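Note sheet for the following structure.
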Amino acid sequence: MSYRIEKDTIGEIKVPSDKYWAAQTERSRQNFPVGKEKMPLEVIVAFAHLKKAAAVANHSLGKLSNDKKTAIVHACDRIIARELDEHFPLVVWQTGSGTQSNMNVNEVVSYVANEYLSENGSTEKVHPNDDVNKSQSSNDTYPTAMHVALYQSVEAQLIPALAVLRATFEEKESEFKDIIKIGRTHLQDATPLTLGQEISGWRYMLEKCETLINEAKQQLKNLAIGGTAVGTGINAHPEFGEKVAQEISNQTGYEFISSPNKFHALTSHDEVVYLHGALKALAADLMKIANDVRWLASGPRAGIAEIEIPANEPGSSIMPGKVNPTQSEMLTMVATQVFGNDAAVGFAASQGNFELNVFKPVILYNTLQSIYLLSDGMKTFNDKCAVGIEPIAENIERFLNNSLMLVTALNPHIGYENAAKIAKNAHEKGITLKESAVESGHLTEAQFDEWINPADMIQSKD
C-alpha cells in the first residue's frame with residue numbers, strides 16, 4: 001500500500017494515498033482499534049448537510065469566499081449522494097464529543113473541495129479547520145448532526161414501517177370483525193370478544209406509539225449549532241446558528257431551529273432520551289403483539305391454534321414438518337435489544353459534566369440502531385407474518401362453546417355466587433355449562449339459550 005504524509009499540530013503521519021482523510025482521522029483510526037461498530041453513515045450525511053449549510057451561512061456573513069463556499073458545497077453534495085462512504089472509517093468508540101468524526105468530515109470535505117478548486121483553475125485552498133469548520137466546534141456540530149440524522153431516520157424509516165404494519169392490522173380487524181372467540185385474561189378463559197376486536201388493540205397500540213414518536217421527534221428540531229465550544233458562541237457570528245439551521249431546513253425539508261439555550265444543547269441530550277422512550281414504548285407493544293401472535297398460533301395440535309401464520313421455513317433440524325413462529329421470535333429479540341439500548345442511552349445522557357456531555361457517539365449509535373431495528377423488524381414481521389394471519393374457525397368455535405366463562409352472562413339474572421356454582425359444577429363433573437345450569441334449578445334450558453349468547457356478549461349494552 002502506498003502512503004502520503006499528512007501533518008497536524010502533533011506532527012507528521014502516514015495516510016493511505018487513496019483515501020481522502022488526513023492526519024486527525026488517521027490518528028483516531030490508529031488510536032481506537034475498538035470494536036466493529038463504525039460511525040453510522042446517517043450521521044456522516046447529516047454532517048455534510050451541516051457543513052454545506054455552514055459554508056453558505058459563512059459566505060452570506062462575509063466570512064468565506066465564494067470560491068471556497070462553492071467548493072465546500074460541491075464536496076458536501078458528494079457525501080450526501082453517498083459517493084464517498086469509504087472515506088469515513090472511524091469507529092463509535094472514540095472521543096465522547098465526536099471530535100474525530102467531525103474532523104474526519106472536515107478533512108474529507110477539504111480534500112474534495114481542493115480537488116474541485118484545482119480542476120476549476122482557482123488558486124484558493126480550503127483548510128479543514130479554518131474553512132470547513134469555520135464558526136463551529138465539534139461540541140456543537142456533533143449534537144447538531146445527531147439531531148438531524150435521528151429526525152431524518154425517524155421520518156424516512158420508522159414512521160413508514162409503522163404505518164404499513166398498522167394498515168395490515170386495520171385490514172385484519174375489519175376482515176375478522178364477525179369471528180367471535182373466547183377472550184383470555186391472566187392466561188385463563190375470560191368472556192368473548194371478536195378476533196377483530198382483539199386485533200384492534202394491536203392496531204391502536206401502533207397508533208398511540210406513532211403519536212408518541214411524532215411528539216418526541218419535534219424536540220430534535222432544536223439544534224446546538226451556534227454554541228461552539230461551551231455554548232457562548234465564541235468565534236461565531238451571532239446570526240450564524242439561525243442561518244445554519246435555516247439552511248439545513250432548506251436542504252432537508254424539515255424545519256430546524258437553533259436552540260434558544262446552547263448551554264443546554266451541548267451538555268444535555270434529554271431530547272434524545274425522550275425520543276428513545278417513545279421507541280421503547282413501541283418495542284414494548286411489539287413484544288406484546290409478537291407474543292400474542294405466537295401464543296394464538298401455538299400448536300398445531302397441542303396448543304391454542306386459533307390462528308394460522310405463514311410457514312416460511314422448516315422449524316427444526318431434527319423434527320420433520322415442524323414450523324416455528326420465527327417472525328415473532330425475531331421481533332421479540334428486536335424489542336429486547338431496544339430495551340437494552342434504552343438503558344445505555346439513559347445512562348449516557350446522564351453523564352453531562354459541566355459544559356459538555358462526552359457520551360455523544362454511544363447515544364447516537366444506540367438510538368439509530370433502535371430506529372433501524374424497529375423499522376426493519378416491523379417491515380419483515382408485516383410482510384412475512386402479519387399479512388398472512390388467518391383464523392382457524394373450528395378451534396375458535398370449540399374453545400368458545402366449551403368455555404365456562406360464558407356463565408358471566410348469567411350474573412344479572414341469578415347472581416354472581418349462583419353463576420359461580422354452576423361453572424364449578426360443570427368443571428368438576430366434566431359436563432356442559434348448559435347441563436350444569438339446568439341441573440342447578442336456577443334457570444330453564446330455554447332461559448339458558450336466551451341468556452347465553454356469545455354474540456350478545458361482545459358489546460356493552462350499558
Side-chain angles (χ1 to χ4, degrees), residues 35-40 42-43 46 91-94 96-98 142-143 145-162 165-166 202 204-222 224 264-292 328-353 356-381:
K36 298 179 180 179
E37 296 81 8
K38 300 294 185 182
M39 190 62 65
E42 290 89 345
V43 77
V91 296
V92 169
W93 318 107
Q94 54 168 276
S97 62
Y142 195 92
M146 279 176 63
H147 280 208
V148 174
L150 292 173
Y151 193 97
Q152 288 183 308
S153 296
V154 167
E155 284 288 291
Q157 299 177 54
L158 187 65
I159 296 301
L162 191 155
L165 183 56
R166 187 191 68 234
W202 304 346
Y204 195 66
M205 288 177 195
L206 298 183
E207 287 184 10
K208 290 295 292 182
C209 286
E210 185 172 9
T211 298
L212 294 174
I213 292 165
N214 281 330
E215 289 173 356
K217 78 181 183 187
Q218 300 305 319
Q219 303 303 317
L220 299 177
K221 290 182 175 180
N222 293 297
H264 166 269
L266 269 61
T267 198
S268 173
H269 292 301
D270 46 17
E271 297 112 331
V272 182
V273 174
Y274 182 23
L275 172 66
H276 207 285
L279 300 180
K280 182 172 70 170
L282 174 58
D285 280 340
L286 292 173
M287 175 74 84
K288 182 263 191 291
I289 291 168
N291 276 329
D292 279 359
S328 285
E329 292 165 6
M330 172 276 297
L331 199 57
T332 55
M333 286 193 288
V334 163
T336 300
Q337 183 64 52
V338 173
F339 297 153
N341 287 350
D342 190 72
V345 168
F347 182 81
S350 75
Q351 301 303 296
N353 301 124
L356 187 68
N357 176 291
V358 291
F359 284 65
K360 299 183 194 299
V362 74
I363 292 171
L364 170 77
Y365 179 79
N366 280 280
T367 307
L368 271 178
Q369 186 190 54
S370 291
I371 290 170
Y372 71 67
L373 283 177
L374 289 168
S375 302
D376 292 349
M378 285 189 291
K379 184 178 186 305
T380 303
F381 183 80

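Worth saying up front: this structure is predicted, and the values here are computed from it rather than measured.
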Tabulate below the donor-acceptor pairs under 3.5 Å that side-chain atoms of residues 340-350 make, not counting sequence neighbours, or state none.
from: Asn341; atom 1: OD1; to: Gln337; atom 2: NE2; distance (Å): 3.1
from: Asn341; atom 1: ND2; to: Asn366; atom 2: O; distance (Å): 3.3
from: Asn341; atom 1: ND2; to: Gln369; atom 2: OE1; distance (Å): 2.9
from: Asn341; atom 1: ND2; to: Ser370; atom 2: OG; distance (Å): 3.0
from: Asp342; atom 1: OD1; to: His276; atom 2: ND1; distance (Å): 2.9
from: Asp342; atom 1: OD2; to: Lys280; atom 2: NZ; distance (Å): 3.2
from: Ser350; atom 1: OG; to: Phe347; atom 2: O; distance (Å): 2.6

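One distance of note links CD of Glu271 with NZ of Lys221; it measures 13.5 Å at 0.5 Å rounding. Atom CG in Leu286 sits 10.5 Å away from atom OG1 in Thr332 (nearest 0.5 Å). Put simply, CD on Gln152 and CG on Leu368 are 10.5 Å apart, with the number rounded to the nearest 0.5 Å. In this structure, the separation between CD on Gln351 and CZ on Phe359 is 4.5 Å, given to the nearest 0.5 Å. Considering CE of Met330 and CE of Met333, their distance stands at 8.0 Å, rounded to 0.5 Å. Atom-to-atom distance recorded for Cys209:SG and Ile159:CD1 is 10.0 Å, nearest 0.5 angstrom.
Proximity of Leu282 to Met205: side-chain heavy atoms (C-beta onward) are nowhere separated by under 4.5 Å. Trp202 is not listed as a side-chain neighbour of Asp285, based on a closest heavy-atom distance of 4.5 Å or more. At a threshold of 4.5 Å between non-hydrogen side-chain atoms, the residues Leu158 and Met378 count as touching. With contacts defined as side-chain heavy-atom distances shorter than 4.5 Å, the pair Leu364/Tyr142 qualifies.
In terms of the ring pair (Phe, Tyr, Trp, His ring centres under 6.0 Å) criterion, residue partners of Tyr151 (sequence neighbours excluded) are, by chain and number, Tyr254, Phe256. Evaluation of the salt bridge (Lys or Arg N to Asp or Glu O under 4.0 Å) rule for Glu42 yields no partner, not counting sequence neighbours.
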Going through the checks in order, is the side chain to side chain contact (heavy atoms under 4.5 Å, CB included) test met by Leu162 and Leu374? CA-CA 9 Å; Leu162 191 155; Leu374 289 168; over 6 Å; no
Go through the steps to decide whether Asn357 and Ile363 satisfy the test side chain to side chain contact (heavy atoms under 4.5 Å, CB included), and finish with yes or no. CA-CA 10 Å; Asn357 176 291; Ile363 292 171; 4.0 Å; yes
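In this structure, the side chain of Ser268 does not engage the main chain of His264 through any donor-acceptor pair within 3.5 Å. The backbone N or O of Val91 sits less than 3.5 Å from a side-chain atom of Gln94, completing a donor-acceptor pair. Distance alone, capped at 3.5 Å, places no donor-acceptor pair between the Lys217 side chain and the Leu150 backbone.
The shortest heavy-atom contact between Pro361 and Gly96 is CD-O, 3.1 Å. Here the closest heavy-atom approach between residue Ala145 and residue Val43 is recorded as CB-CG2, 3.8 Å. Minimum heavy-atom separation, Ser328 to Phe381: OG-CE1, 3.8 Å.
The neighbour count for Phe339 CZ, taken as heavy atoms of other residues, nucleotides or ligands under 6.0 Å away, is above 12.
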